[in-house]
Amino acid sequence: MSYEDEKRQVLNRYTPVEESGRWVPKCADCGEEDLDVLTLHHLLGHGGQDRKEYGWGIKFFKSLRERGFPDEFTVLCLNCHRKRTKLKK
């Protein structure tokens with residue numbers, strides 16, 4: 001499976017189903033749908049630990065599947081992710 005396909009499947013898993021019954025990955029804060037700028041946000045703030053343990057990119061996406069898609073993530077665009085991260089400091 002390509003990186004983009006894996007990313008889309010993971011982001012779909014963390015995106016609520018729309019009223020139309022289809023999944024469209026989008027930012028939980030602003031609604032951005034561009035897959036190129038969407039990322040996962042660690043709600044519990046342990047991103048560094050996860051990167052050390054599970055790696056980056058497709059390795060990380062596969063680890064989420066293996067772990068049963070833990071609930072401590074949400075989909076954000078890069079701008080909203082930066083804002084949330086900055087607010088925590």
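Keep in mind it's a predicted model, so treat the numbers as computed, not measured.
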State, with a plain yes or no, whether a side-chain heavy atom of [X] is found less than 4.5 Å away from one of [Y].
X     : Y     : value
Arg65 : Glu6  : yes
Trp56 : Arg51 : yes
Thr39 : Leu78 : yes
Leu40 : Thr74 : no

[X] [atom1] to [Y] [atom2] distance, which is reported to the nearest 0.5 Å:
X     : Y     : atom1 : atom2 : answer
Phe69 : Phe61 : CZ    : CZ    : 10.5 Å
Cys80 : Leu38 : SG    : CG    : 10.0 Å
Leu43 : Leu76 : CG    : CG    : 8.0 Å
His41 : Leu44 : NE2   : CG    : 9.0 Å

Common cluster, [X]/[Y], ILVMFWY with side-chain heavy-atom separation under 4.5 Å:
X     : Y     : answer
Val75 : Tyr3  : yes
Leu35 : Ile58 : yes
Leu11 : Phe60 : yes

Requested in this report: Write down the atom of Arg13, the atom of Gly68, and the distance for their closest heavy-atom approach.
Outcome: NH2-O, 4.5 Å
Query raised in the report: What's the shortest heavy-atom distance between Lys26 and Gly31, and which atoms?
Result: CB-O, 3.7 Å
Report task. Identify whether the distance between the nearest side-chain nitrogen and carboxylate oxygen of Lys83 and Asp29 falls below 4.0 Å. Result -> no
Query raised in the report: Centres of the Phe73 and His42 rings: under 6.0 Å?
Result: yes
